[in-house]
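Heads up, the thing below is written out as structure tokens.
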Amino acid sequence: MKHFFVMLAFVVSAFAANAQEVSKDTVPAVQTSPSTGDYYQGYTRPLTFNRMIPPYALEVTFNKTVHVIFPSAIRYVDLGSADLLAAKADGTENVLRVKAALRDFSRESNLSVITEDGNYYNFNVKYTDEPVKLSVEMTDFLHDGEATNRPNNALQVYMQELGQESPLLVRLIMQSIYKNNDREIKHIGCKRFGIQHTLKGIYTHNGLLYFHLQLKNSSNVPFSVDFITFKIVDKQVAKRTAIQEQVIWPLRAYNNLMLVNGKRTERMVFVLPKFTIPDDKMLVVELNEQNGGRHQRFTVDNADLVRARVINELKVK
């Protein structure tokens with residue numbers, strides 16, 4: 001009988017211990033509320049639709065290449081997934097070729113492009129066997145003056161070489177200088193072999209210099225432009241002395257033609273970074289003819305440079 005009570009006590013103690021373990025294992029976990037999409041419990045402001053830049057639709061396929069032509073040189077391309085292949089067309093700066101990396105990819109992807117004039121382009125890309133538009137020309141739909149093509153939050157992408165100046169404003173200033181065609185400078189230029197190359201004006205705005213040049217071809221032979229250079233050189237160079245030259249590379253150009261036909265006059269506008277010329281140096285502007293000898297060369301002193309006209313308002317006709 002005594003052994004029976006001992007065994008009963010052992011069974012009861014074991015059952016109690018097991019019950020404690022079960023109770024410990026079955027303690028309900030702390031319930032957390034599911035996400036309600038309120039952006040970190042209301043501490044972050046959500047993006048509204050008036051902040052969105054609407055994308056454009058683009059179709060691609062595996063056996064054909066889609067070419068997208070932009071109004072300016074391409075500076076940046078981003079692909080949403082590895083299903084897409086994109087690269088600039090050989091020998092071009094503003095043509096992007098796009099195609100599918102594999103057949104029949106099911107998920108829609110996207111493509112983003114930034115051009116040299118500071119415009120941002122965004123596309124939603126999907127696969128189709130036969131794209132309707134294989135060659136697409138992108139006009140400046142972000143800033144063409146139509147409210148339907150410009151979102152409320154459209155901004156310019158700033159380029160490092162232009163500093164704090166908007167690429168769009170630089171283009172508008174060049175366009176204004178070209179269309180107004182004012183002659184601010186009348187004493188700088190050169191003329192040889194029926195070709196006259198003159199400097200019509202120097203302008204400045206927000207740390208940039210704008211050079212308005214004119215090339216007049218009075219001969220019957222077309223003038224093919226090989227290159228034009230802006231460089232700062234010494235005014236007087238002694239014999240057996242190394243010539244020091246500082247080349248100033250243009251940042252932008254407007255109507256930069258490579259051919260001036262006979263009996264024609266053409267004008268160009270170049271944008272250069274801000275610079276000044278020391279007293280013992282001068283700015284030399286050289287225009288060379290391709291496969292010819294009618295090269296043009298004139299000089300600009302610092303006195304002419306510092307009298308550059310400040311642009312306070314735009315007059316685009």
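Remember, predicted model here, so these are calculated numbers, not experimental data.
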Quick one: do K216 and E266 satisfy salt bridge (charged side-chain N to carboxylate O under 4.0 Å, His left out)? Show the steps, please. CA-CA 6 Å; K216 182 178 181 181; E266 299 290 349; over 6 Å; no
Going from [atom1] on [X] to [atom2] on [Y], what distance comes out if it is rounded to the nearest 0.5 angstrom?
| X | Y | atom1 | atom2 | value |
| --- | --- | --- | --- | --- |
| M258 | S224 | CE | OG | 8.5 Å |
| T198 | I185 | OG1 | CD1 | 10.0 Å |
| F227 | E289 | CZ | CD | 11.5 Å |
| T92 | I69 | OG1 | CD1 | 9.0 Å |
| L209 | L283 | CG | CG | 9.5 Å |
| C190 | I195 | SG | CD1 | 10.0 Å |

Any side-chain to backbone donor/acceptor pair from K274 onto L208? Under 3.5 Å, distance only. no
Taking it one step at a time, do D226 and H295 satisfy side-chain hydrogen bond (donor to acceptor under 3.5 Å, both in side chains)? CA-CA 10 Å; D226 189 11; H295 308 316; over 6 Å; no
Is [Y] paired with [X] through a side-chain N to carboxylate O contact shorter than 4.0 Å?
| X | Y | result |
| --- | --- | --- |
| E184 | K200 | no |
| E108 | K126 | no |
| R309 | D182 | yes |
| E130 | K64 | yes |
| D234 | K281 | yes |

Quick one: do the E165 and H205 side chains pair a donor with an acceptor below 3.5 Å? yes
With no hydrogens and no angle check, do the side chains of S219 and N217 hold a donor and an acceptor under 3.5 Å apart? yes
For Y254 and F270, what are the C-alpha separation, side-chain angles and deciding distance, and is it a ring pair (Phe, Tyr, Trp, His ring centres under 6.0 Å)? CA-CA 6 Å; Y254 186 85; F270 292 93; over 10 Å; no
Evaluate L259 against V225 for side chain to side chain contact (heavy atoms under 4.5 Å, CB included), listing each step before the verdict. CA-CA 6 Å; L259 178 66; V225 179; over 6 Å; no
Any side-chain heavy atom of [X] sitting closer than 4.5 Å to one from [Y]?
| X | Y | value |
| --- | --- | --- |
| T115 | N94 | no |
| Y121 | Y56 | no |
| H212 | I202 | no |
| I173 | Y210 | yes |
| L162 | L251 | yes |
| V113 | M138 | no |
| I114 | F70 | no |
| V300 | M282 | no |

For R267, which of L215, N181, L213 qualifies under side chain to side chain contact (heavy atoms under 4.5 Å, CB included)? N181
If you take all heavy atoms of [X] and [Y], which pair is closest and at what distance?
| X | Y | result |
| --- | --- | --- |
| Y120 | S112 | OH-OG, 3.3 Å |
| D129 | T61 | O-OG1, 3.2 Å |
| E116 | S72 | CB-OG, 3.4 Å |
| N220 | P222 | O-CD, 3.7 Å |
| P55 | N124 | CG-ND2, 3.4 Å |
| N261 | R264 | O-CB, 3.2 Å |

Does [X] belong to the same Ile/Leu/Val/Met/Phe/Trp/Tyr cluster as [Y], with side-chain heavy atoms less than 4.5 Å apart forming each link?
| X | Y | answer |
| --- | --- | --- |
| M174 | F230 | no |
| I248 | F298 | yes |
| I228 | V284 | no |
| I311 | L305 | no |
| V60 | L134 | yes |

Given salt bridge (charged side-chain N to carboxylate O under 4.0 Å, His left out), test E59 with K133 step by step and report yes or no. CA-CA 8 Å; E59 296 179 340; K133 303 169 185 176; over 6 Å; no
Could you check whether atom CG of D279 has more than 12 heavy atoms from other residues, nucleotides or ligands sitting under 6.0 Å from it? no
Between Q296 and Q196, is the side chain to side chain contact (heavy atoms under 4.5 Å, CB included) condition met? List the steps. CA-CA 8 Å; Q296 306 294 313; Q196 184 179 13; over 6 Å; no
Please test R192 against R294 for side chain to side chain contact (heavy atoms under 4.5 Å, CB included), starting from the C-alpha separation and ending with a verdict. CA-CA 7 Å; R192 296 180 59 199; R294 297 178 292 178; over 6 Å; no
Test side chain to side chain contact (heavy atoms under 4.5 Å, CB included) applied to L84 and V125, step by step: CA-CA 9 Å; L84 300 178; V125 186; 3.7 Å; yes
Identify each donor-acceptor pair in which a side-chain atom of residues 97-104 lies under 3.5 Å from a protein atom, sequence neighbours left out, and give them as a table.
unit_1	atom_1	unit_2	atom_2	d
K99	NZ	F62	O	3.4

